[in-house]
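Taking it in order: structure first as structure tokens, then the write-up.
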Amino acid sequence: MTETPIRVRFAPSPTGMFHVGGARSALFNWAMARQQADGRFVLRIEDTDAARNRPEWTEGIIRALAWLGIHEDDPHFEGPYFQSAYAAKHRETAERLYKDGRAYYCDCTREQVQERRGNPHLGYDGFCRDRGLEPGPGRALRFRVPEGGPTVVDDQVRGRVEFEHSAIEDFVIARADGSPLFVLANVVDDVEMGINEVVRGEEHLSNTPKQQLLWEALGQTPPRWAHLPVIVNEKRQKLSKRRDKVALESYQDEGYLPEAMVNYLMLLGWSPGEDREILPWSEMEPLFRVSDVNSSSAFFDEKKLRAFNGEYIRALAPDDFVERCRPWLAPDRAPWPAANFDEGVFRAVAPLAQSRVAVLSEIVPNVDFLFLDTPVDDEKSWAKAMKPGVGAEMLSAALDRFADPGLPWAAEPLKAALEEVGAGLGLKLGKAQAPVRVAVTGRTVGLPLFESLELLGRDRVRGRLSAALARLEAADAASEG
RNA sequence: GCCCCCAUCGUCUAGUGGCCUAGGACGCCGCCCUUUCAAGGCGGUAACGCCGGUUCGAAUCCGGUUGGGGGUACCA
């Protein structure tokens, strides 16, 4: 029965970084916009200062949105718009408010106000309300908050929230130089663009009565508000750029899949009411209702995100997994010499790695031994696996056994061979494989060993085994001498 | 200080007066599987902040309290 198309507003600040809180908000807005055939997701870069609307920042925002699946070429996508481009309209509206008596000029300095009120925490006292000041230098425009009565914000997630007018000071809407403040610009733009749904973070709830008052003063029906709970850190404080890992890009760099991030973010403050939590965007989108969003703050739990990510990675088709790993294998990022990389070898191990990585970047330590000239030197692994005596015995026995040309170089026979070698030394396979694993891969943990040996080839395996043996003997000699 | 918001396992949540001796997920712990590590299977740990009301009956409604959080600029 809605006659007006839904026009939700998504308004990131103009900065290159894309915040996870902003990402969740974007997703919620996006779901709402897409639920109606003619719904619109309006992307507006909010800053009244044109100098701060840097193109590269905006590109970053668009890129981050695209990563989440919010694409510029989607018919529901509108924008980006720049708030600063509407400066003329903002000034015009300020003037109109003044002419209508809804705003007045004020020449009080902050010091004067504080002196009059005695308490620095108290707001403006309305000193210039009835002084009838004309516009002029040093004079800011203040909105005349109606006397008496509350402004009631009808919030879709919080219900009715009342703000007594006596608690709202006559706030400034335009500076002495005529430039608009955020509140004014924001409302004017929303009116201009026909925004009818505003979904944003709870931190804006306190500004809402001011904005609503402005809408009404302009003779407009305010939009439907929805204030989302804030996302907090382990100390239950709002996520901050300085303290917390909030940049979407950093999660992307680590190898979080956008599908997993989207899934996880949607669950922060909202539940699809299904018997499962892992579900794709296509299923969540139609289920989403802002009115079902919780009002309590939510902790951003990277552990759970990781778990989700692992599930999404495991669900990938093998070829898709290989493709998704690409960025971490690229010459500029991988730790091995570019020429060493072998596509066929990687494709062969990828399925073994797929269930072992929770984030894509972990693919590197899993496969690096295949492409590095010499395996990484991990001290802890070495100390753990190369115990005096058995380490060297195991290595030299394996070296001999692997030299046998009659031993087929394949995982199964290799396993049997090593089992045999271990048994000869009274070791179970679990113990026997350790020194070999460390000698060949550099680490105590990793991919299944025998498949790894097969892929690496007899020569390289034997080369590494003897190198490790030499290192052990050298250390032995040093400690004796 | 003032204004506003919030309150179920450690965490994200289900729950809208009886289906709740409170369900799921992540985490954690144990067992199984096992060449390491994962994955997988099975099992376990753990919550309605507190005090009063309303009601035959309250996690659910009301009041208070405590505790958290947000806002409070001629910032955005």
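Bear in mind the structure is a predicted one, so any value in this text is a computation, not a measurement. Values below: every heavy atom of this structure, side chains too, minus hydrogens, waters and symmetry copies.
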Considering only nitrogen or oxygen atoms on both sides, find all protein atoms under 3.5 Å from nucleotides 46-49 of chain B and state each distance.
none

Taking only N/O atoms, report every protein-nucleotides 63-67 of chain B pair under 3.5 Å with atom names and distance.
none

What N/O pairs connect the protein and nucleotides 7-9 of chain B at under 3.5 Å? Give each pair on its own line.
none

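For residues 352-368 of chain A, the salt bridge (Lys or Arg N to Asp or Glu O under 4.0 Å) pairs, not counting sequence neighbours, are Arg306(A)-Glu362(A), Asp368(A)-Arg443(A). Annotation: salt bridge (Lys or Arg N to Asp or Glu O under 4.0 Å) contacts involving residues 429-439 of chain A, sequence neighbours excluded, are absent. Among pairs with a residue in residues 151-175 of chain A, those fulfilling ring-ring contact (aromatic ring centres under 6.0 Å, His included) read Phe143(A)-Phe171(A), at least two apart in sequence or across chains.
If you check every strand for non-hydrogen atoms under 4.0 Å, Gly138(A) touches a base. Across all strands shown, Glu164(A) has no heavy atoms under 4.0 Å from either base or sugar-phosphate atoms. Backbone-only contact: Gly269(A) has heavy atoms under 4.0 Å from sugar-phosphate atoms and none from a base. Arg110(A) comes within 4.0 angstrom of sugar-phosphate atoms only, judged by non-hydrogen atoms across all strands, and of no base. Thr48(A) comes within 4.0 angstrom of sugar-phosphate atoms only, judged by non-hydrogen atoms across all strands, and of no base. Looking at heavy-atom distances under 4.0 Å, Phe182(A) makes contact with a base.
Among residues two or more places apart in sequence or in another chain, the side-chain hydrogen bond (donor to acceptor under 3.5 Å, both in side chains) test is passed with Tyr105(A) by none. Under the rule for a side chain to side chain contact (heavy atoms under 4.5 Å, CB included), the partners of Glu285(A) that lie at least two apart in sequence or sit in another chain are Ala31(A), Arg34(A), Trp281(A). For Ser297(A), there are no side-chain hydrogen bond (donor to acceptor under 3.5 Å, both in side chains) partners, not counting sequence neighbours. Gln354(A) is linked by a side-chain hydrogen bond (donor to acceptor under 3.5 Å, both in side chains) to nothing, counting only residues two or more places apart in sequence or in another chain. With sequence neighbours excluded, the residues that form a side-chain hydrogen bond (donor to acceptor under 3.5 Å, both in side chains) with Glu162(A) are Arg160(A).
Along RNA chain B, the nucleotide nearest Asn207(A) and the nucleotide nearest Leu268(A) are compared for position; the residue whose nucleotide lies closer to the 5' end is Leu268(A).
Remark: the separation of the P atoms in C29(B) and C51(B) is 34 Å, to the nearest Å. Taking the P atom of each, A59(B) and G52(B) are spaced 14 Å apart, rounded to whole Å. Here the separation of G27(B) from G44(B), taken at their C1' atoms, is 14 Å to the nearest Å. The separation of C4(B) from C50(B), taken at their C1' atoms, amounts to 23 Å, rounded to a whole angstrom. Nucleotides U60(B) and A25(B) have their P atoms positioned 25 Å apart, rounded to a whole Å. Comparing the same atom, P, in U55(B) and in G10(B) gives a spacing of 34 Å after rounding to whole Å. Across the C1' atoms, G68(B) and U11(B) are found 16 Å apart, a figure rounded to whole Å. U8(B) and G41(B) have their C1' atoms separated by 30 Å, given to the nearest Å.
OP1 or OP2 of G71(B) sits under 4.0 Å from a side-chain N or O of Lys238(A). Remark: Arg236(A) is in phosphate contact with C12(B), judged by side-chain N or O atoms under 4.0 Å from OP1 or OP2. Taking only side-chain nitrogens and oxygens, Ser206(A) never comes nearer than 4.0 Å to OP1 or OP2 of C5(B).
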Walk along nucleotides 24-38 of chain B from 5' to 3' and tag each nucleotide B, S or - by protein heavy-atom contact under 4.0 Å, base first, then sugar-phosphate.
BBSS-------BBBB
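Partner of Tyr124(A) under the side chain to side chain contact (heavy atoms under 4.5 Å, CB included) criterion, chosen from Asp170(A), Val172(A), Val145(A): Asp170(A).
C31(B): Watson-Crick or G-U partner is G41(B), with both key distances under 3.5 Å. Across all strands shown, the partner of G1(B) is U72(B), judged by Watson-Crick or G-U wobble contacts whose two distances both fall under 3.5 Å. Under the Watson-Crick and G-U wobble criteria, each requiring two contacts below 3.5 Å, nucleotide C20(B) is left unpaired. For C61(B), the paired nucleotide is G53(B), the pair qualifying as Watson-Crick or G-U wobble because both relevant distances are below 3.5 Å. Across all strands shown, C26(B) forms a Watson-Crick or G-U wobble pair, both distances under 3.5 Å, with G10(B).
Taking the six-membered ring where the residue is Trp, Phe402(A) and Trp409(A) present perpendicular rings, their angle passing 60° and hence far from 30°. Ring geometry for Tyr264(A) versus Phe308(A): interplanar angle over 60°, hence perpendicular rather than tilted (30 to 60°). In this pair, Tyr86(A) and Tyr81(A) present their aromatic rings perpendicular. The plane angle is above 60°, beyond the 30 to 60° band.
Residues Lys238(A) and Glu202(A) are not paired through a salt bridge, judged by the lack of any N-O separation under 4.0 Å between the basic side chain and the carboxylate.
Between Tyr251(A) and Phe300(A), a ring centre-to-centre spacing shorter than 6.0 Å is recorded.
Summarising the local packing, CD of Glu56(A) is surrounded by more than 12 heavy atoms from other residues, nucleotides or ligands at distances under 6.0 Å.
Separating the CH2 atom of Trp225(A) from the P atom of C5(B) is a distance of 16 Å, rounded to the nearest angstrom.
Taking the side chain of Ala298(A) as heavy atoms from C-beta on, and the options U13(B), C5(B), U11(B), the nearest nucleotide is U13(B).
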